[in-house]
Amino acid sequence: MSTLVIVESPTKARTIRNFLPSDYRVEASMGHVRDLPQSASDIPAELKSQEWAKLGVNVDADFEPLYIVPDDKKKIVRELKAALKGVKELILATDEDREGESISWHLLQILQPKVPIKRMVFHEITSEAIKGALKNCRQIDDRLVHAQETRRILDRLVGYTLSPLLWKKIAWGLSAGRVQSVAVRLIVNRERERRAFKSGSYWDLKANLYAPKQEFPVQLVSVGGVNVATGKDFDEATGKIAKGRKVLLLDEAAAIALQQKLNGKVWSVSNLDERPTTRKPSPPFTTSTMQQEANRKLRLSARDSMRVAQALYEQGYITYMRTDSVHLSQQAISAARQCVTTMYGSNFLSKEPRQYVTKSKGAQEAHEAIRPAGETFRTPQETGLSGRELALYDLIWKRTVASQMADAQLTMLSVQLTVEEALFRASGKRIDFAGFFRAYVEGSDDPDAALEEKEITLPPLKLGDHPVCRELNTVGHETQPPARYTEAALVKMLESEGIGRPSTYASIIGTICDRGYVELVNNALIPSFIAFAVTTLLEDHFPNLVDPSFTSKMEQTLDDISTGSVQWLPYLKSFYSGEKGLSGQVKSRDSLIDGEAARTVHLEGLDDDVKVKIGKFGAYIQVGEGDRTVNSSIPQNLTPADLVPEKIEQLLKQKLEGPDQVGIHPDSKEPIFMMMGQYGPYVQLGQATEAVPKPKRASLPKGMQPEQVTLDVAVKLLALPRTLGAHPDTGNRVFVNTGRFGPYVCHTKGNGDKDDNRSLKSTDDPYTITFERALDLLAQPKTLRGAAAAKVLKSLGKHPDDDEAIEILDGKYGAYVKHGKINVSLTKEQSVDTLTVAEAIAMLAAKSKTSKTGAKRGKSSTSDSKTTKTTTKATTKKTATKAATKSTTTKTAAKSTTAKATTKKTTTSKTVASQK
């Protein structure tokens, strides 16, 4: 008899299978097999009348969660139950963190195994790690399960209790979240600071001096013993010098006068200073620091960096990627030090092995930092990786190796020079010993290039020397508002405040972007009007829920639940129930919240008579009152940051006076107007009439402002769409045009079929692109916007029915066959190398038939589902698990065993499953 091992993903299954005995069978659960219901359709028929079922948690029955098996997991559950038959043992080998522990517990509850079970954990997928884990299996950790389940219930309570209030008071479809709302508030507050910021101006002087063999820059520091004002001396609220600052503020006239006074005068070296300093390497990566550096260096979003890291882990290249720890095992330290000696020499090795101490709040995940897997570290070149996977592995490898390298030794250089009553300074930096800089420079991709940039040399000077001034310039400056959050900066802030957990930051940032609260523009997170409205409502009526310190304390309490020092049930009751609980607060505040006020966005810097409101179709401007009220829609691509008085004036002018005329089209002799629409500015040929209700229009290219549009530019824009020719396969039209997401080529299919579009590359020009180039773009595989294209593992040929390609792709859950919109996963018996086109066609036909049959059945399967109520109680008795199942709702009491199933304690839960 064999042993069944269950992991989360096919990739992980394929990797771990190589290190297990031949009689071990490995299957994948594809993540969680059950969860709280996501919609009303998920609630079983016999519970639909229960009000609490909409919440998914029965707060009156000790916060009993309602668990259901989602439709896309029912087949997986059936397969896992089938695989369990005839085995002698079940090993649950999901990830070692709370989420992984929870997945194992849910598998145990849904499968109800009659054989002994073990919980196997490991933080890297290597032969040594898997063999060691097999020897040290344990039971499911109830405290970790409790912590994750409490967190899940808490998130559901916050989201499902507050979101309906936002729908009622602001707009339908909005959501609030325990961590997401705090993250949005941080971003909104930064934008408020930027809008309230008052810019100040100041001037100074810079000179280029020449000493023997070298020119070097110097900057004005003081005049007559008084320091010259710099940006840090200004008050952000007034744009003027802050009170108490005794500095000299130079305007342009004063700077020019000083320049003229100093021209031709003698410069003298008045002071020299050399100060040695040491730089120590950064600790190896945690989840948070990896996301930050991947964003800075590789321009990967937090979500993308976690996806790539997950793939590297599951393929056995790195250790577990969800961790708060900076600790390295002795094996890892030895491997890193060996790399240093081999690649850089023993003089670059730290004198003693470095061990780092975790300092982040509530560190609790895996017990080792993210590092290359194994007893020896493969160099990036030895992995055979490519693209993002190679780039991230290279980053992890360098950071880990650098952590065991010697300190960098630098000398900070400073030279002061006087000319008349003015004092100038030159600063430099000399790298005496590169140390760990040779492998890794934080924030830089190329250590060698970064070393050159870090070293700022000065010529050899001594007191009394007289360098020659070759150039003396006046320079004007404007103080800048606080920088917007990048993903890296937001992750750093969330971690420093103890908000959420690093393993969740990627999904949090993804959620607030997906739901329209925040837009990512040039790596900066910019809040929307909706974000301002929701944040203001929560601040005014539920301040604790968006207070970072309160959220941090909540996070600490959830961590305490995982250690057993806090009980989960009393905490949930105190948070949600009673007059001071969330439920009571929402009910009491409902009548006090004025919807009209909640839908009004307050922005710094706007006139009192200008109101920004949230309407059914988005944000709009309102001025005036009563019969004199004027409303003007705000384009969707216009953010609160861009809504300045000048832009408001432009929008209102178009509303009241009509659009500006750019000129007359030279061919049609019709007027061309500059318009502002829902998606931004565009030009329009002629007026809309009954005969021509939709005149020809063309959006402005990204980055082009309305004031830049001349008649020639407008005529060129209106030349699109441009017909390029007839497609050789269909004879239908191929044209190029520009749309909301930029320029694209289109092949019109006709006969009710959807047109085939491809975005132009950055090197393509829609006004000059050739027909041949358009056909080349249309022949390329289509990818989802914002998603990385799945890697094509093998092309099998064309389908005989439509001549479209049949390919095998590498997806998130393993290899699959793709033809048009139909995807079919390969079974464990099938191989990418041996699968034939005939087999693929048969698989596609079966999938197509199944899809059609399922569509006809509709929701009829709901009535066949079974509802199981499971109560698992902790006990020290060694009794076997017993289950009693009825046709509709059945209660199951499962007591723990030592040889067979189960956990020592779980919460009471309802389970809905349609599997037998």
Side-chain angles (χ1 to χ4, degrees), residues 123-126 128-129 278-294 296-298 300 305 308-309 312-313 315-321 323 325-358 366-386 388-410 431 433-452 454:
H123 68 279
E124 60 181 331
I125 307 177
T126 61
E128 298 79 9
T278 299
R279 297 282 177 84
K280 295 183 179 296
S282 299
F285 280 136
T286 61
T287 301
S288 168
T289 54
M290 181 196 71
Q291 289 174 3
Q292 293 173 49
E293 276 291 86
R296 282 193 290 259
K297 288 189 173 186
L298 308 179
L300 288 179
S305 65
V308 176
L312 290 174
Y313 164 68
Q315 295 175 78
Y317 288 106
I318 64 171
T319 53
Y320 193 54
M321 67 288 157
T323 175
S325 175
V326 293
H327 172 76
L328 286 178
S329 66
Q330 289 303 314
Q331 170 186 289
I333 291 174
S334 298
R337 295 179 72 82
Q338 181 60 45
C339 285
V340 176
T341 304
T342 303
M343 301 193 69
Y344 304 106
S346 57
N347 58 321
F348 281 88
L349 196 63
S350 62
K351 292 182 179 179
E352 299 292 335
R354 295 183 188 270
Q355 191 57 272
Y356 297 87
V357 178
T358 301
H367 62 274
E368 192 171 3
I370 302 171
R371 62 166 176 84
E375 294 181 342
T376 58
F377 293 168
R378 286 170 283 188
T379 66
Q381 295 73 26
E382 293 172 339
T383 60
L385 295 168
S386 61
R388 289 178 169 184
E389 290 184 352
L390 175 61
L392 187 59
Y393 180 85
D394 181 70
L395 201 64
I396 294 168
W397 185 91
K398 286 176 178 175
R399 178 88 165 212
T400 308
V401 170
S403 72
Q404 295 302 314
M405 294 180 72
D407 296 343
Q409 305 294 332
L410 301 88
I431 298 177
F433 176 65
F436 74 92
F437 281 168
R438 184 57 60 197
Y440 185 87
V441 179
E442 193 161 5
S444 174
D445 297 332
D446 184 348
D448 292 328
L451 288 179
E452 294 177 8
K454 278 185 170 288

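These numbers come from a predicted model, not from an experiment.
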(Q) Does Ser288 form a side-chain hydrogen bond (donor to acceptor under 3.5 Å, both in side chains) with Gln292? I'd like the steps, not just the answer. (A) CA-CA 6 Å; Ser288 168; Gln292 293 173 49; 2.8 Å; yes

Which is it for Asp407 and Arg279 under the side-chain contact (heavy atoms from CB on, under 4.5 Å) test, yes or no, and what are the steps along the way?
CA-CA 6 Å; Asp407 296 343; Arg279 297 282 177 84; over 6 Å; no

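Enclosure of atom CD in Glu352 is not indicated, since only 12 or fewer non-hydrogen atoms of other residues, nucleotides or ligands lie within 6.0 angstrom.
You'll find the side chain of Gln330 stays beyond 4.5 Å of the side chain of Pro353, heavy atoms only. Contact check for Tyr313 versus Ile370: no side-chain heavy atoms found under the 4.5 Å cut-off. Residues Gln315 and Glu389 are in side-chain contact: their nearest non-hydrogen atoms beyond the backbone lie under 4.5 Å apart.
Taking all atoms of both residues into account, the shortest heavy-atom contact from Arg388 to Leu300 is NE-CD2, 3.5 Å. Here the closest heavy-atom approach between residue Met343 and residue Trp397 is recorded as SD-CH2, 3.3 Å. Closest non-hydrogen pair, Arg337 versus Arg354, comes out as NH1-N, 4.4 Å.
Interatomic distance, CZ of Arg378 versus OG1 of Thr383, reported as 7.5 Å (0.5 Å rounding).
In this structure, a donor-acceptor pair under 3.5 Å is present between the side chains of Thr342 and Gln338.
Geometric assessment of Lys297 against the ring of Tyr440 yields a positive cation-pi assignment under the 6.0 Å and 45° thresholds.
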